[in-house]
2 protein chains.
Amino acid sequence: MAKGKKNLDLSTEEKIMEAARKVFTEKGYAAARTRDIAEESGINLALLNYYFRSKEKLFELVMLEKVNKLFGTIIPILSDEKTELEEKLDKIAESYIDLLLVNPDLPIFVLSEIRRRPEKFAQLVNAKERVTQSVFMKQLMARKLNVSPFHILINLLGITVFPFVAKPVLSKLIGNEEQYDMLMKQRKELIPMWIKMMLV
Amino acid sequence: MAKGKKNLDLSTEEKIMEAARKVFTEKGYAAARTRDIAEESGINLALLNYYFRSKEKLFELVMLEKVNKLFGTIIPILSDEKTELEEKLDKIAESYIDLLLVNPDLPIFVLSEIRRRPEKFAQLVNAKERVTQSVFMKQLMARKLNVSPFHILINLLGITVFPFVAKPVLSKLIGNEEQYDMLMKQRKELIPMWIKMMLV
DNA sequence: GTCTATATTCCGATAGAC
DNA sequence: GTCTATCGGAATATAGAC
């Protein structure tokens, strides 16, 4: 897709999807209006329903994509048989921060919408076995820590993802977006170090 | 307030506020309906506008309370002149987790609404000087760390607050709510320990 | 102060022409 | 496939009786 340009080259369907990703992610399902999406994509409101039937159906497509993006980044790394624990930490921090620097409101969007309708979207994650039975968790247990491996996973996700969830507040605290982004980039190397300290 | 009982003893105004806290926090501003709030408080829809003029005005009152609750818990501790750095860590972890065990969706509610309308609500926090110039930050700087003190603050908030932001996902991962709560209680002692390890 | 009924605005969805 | 115009329902807010 051409950077910064209107998506004149995309199909109508893809233009609507692109706009829907933007509007839903920025405002959340309830505050997003189909009229916003139509305007953003440069097409007519009627076409949205022609292609996607309803706001709800369009949203489900976006939500599925976003959930896969958020969890699909980490689950393959957790499940990898070949890499050592320490290397997994490096990979998770780096790939997650790279993802979130480009998509800073991905986590709060997904987590908010899951909380709003857990019965519908929590199952979409379907991560229970894939996480609890993962190689990563087994590698943690092999270390004979005196705390549950869940604590380590929570800490890793916490120090990695939280700064993006709190970006609107932290960014002002730190100064501006440039300085915020610079700190986040530093954290790609720092996070694995901090987590490794918790493994002794 | 009587636990688990209908608030028959409260004034009408306070009954509406109580219901508004619940409905807004659970659903967010956009998905909350004034009819939900009226029903929840056992009064009539017209009375909501009689007392609070509009949905927006009522929401602003709730939002102000919630922001104060979330940031008012930590700012006094950060600013305390008497306590050592290590003791501050103990206090923050304990008081925050106690708060969040009772109000688990406080952080995601506040952070979502700030993100949805940063120009309106980010200023409500108004924490820039109170945090950056705080005793806590000065104590961190006195430690001559080789990373920015912001990293430590972010880590502290990340490992403390994030598990509550991700509660709907983590709770299923861990098992059930009881087990989730038990882990969170453990973290009151673990978090200060982990952060202290980052100070060397 | 509290209610019922209603006004008004907004929004998702569709009809129908091209 | 795409548009304009509009329907029908939902949600906020108000009028007016008690």
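Numbered from 1 within each chain, the chains take letters A, B, ... in sequence-line order. For the numbers below, each heavy atom of this structure counts, side chains included, while hydrogens, waters and symmetry mates do not.
Contacts classified as ring-ring contact (aromatic ring centres under 6.0 Å, His included) and involving residues 91-133 of chain A (residues at least two apart or in different chains) are given here: A:Phe59-A:Phe121. Sorted by first then second residue, the side-chain hydrogen bond (donor to acceptor under 3.5 Å, both in side chains) pairs that include residues 41-55 of chain B, not counting sequence neighbours, number zero. Residue pairs meeting the ring-ring contact (aromatic ring centres under 6.0 Å, His included) criterion with at least one partner in residues 177-200 of chain B, sequence neighbours excluded, are A:His151-B:Trp194.
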- Message: Across nucleotides 12-18 of chain C, 5' to 3', mark each nucleotide with B, S or - according to how protein heavy atoms within less than 4.0 Å reach it.
- Response: BBBB---
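Not a single side chain to side chain donor-acceptor pair (under 3.5 Å) links A:Glu129 to another residue, sequence neighbours left out. Residues satisfying the side chain to side chain donor-acceptor pair (under 3.5 Å) test with B:Glu94, not counting sequence neighbours, are none. Every salt bridge (Lys or Arg N to Asp or Glu O under 4.0 Å) that B:Arg21 has, sequence neighbours left out, goes to B:Glu14, B:Glu18, B:Glu65. Scanning for side chain to side chain donor-acceptor pair (under 3.5 Å) contacts around B:Lys188 gives B:Asp98, with sequence neighbours left out. Residues passing the salt bridge (Lys or Arg N to Asp or Glu O under 4.0 Å) test with B:Glu86, sequence neighbours excluded: B:Arg143. Partners of A:Arg35 under the side chain to side chain donor-acceptor pair (under 3.5 Å) rule, at least two apart in sequence or in another chain, do not exist in this structure.
Between the CD atom of A:Glu13 and the C1' atom of D:dT2 there is a distance of 15 Å, given to the nearest Å. If you measure from atom NZ of B:Lys15 to atom C1' of C:dT2, you get 11 Å, rounded to the nearest angstrom.
For the segment residues 58-67 of chain B, the set of residues with a heavy atom within less than 4.0 Å of an atom of DNA chain C is empty.
Considering only heavy atoms from C-beta on, B:Ile97 comes within 4.5 Å of B:Ile191 through its side chain.
Direction change of the helix axis from one end of the helix from C:dG1-D:dC18 to C:dC18-D:dG1 to the other is 10°, with five pairs defining each end axis (rounded to 10°).
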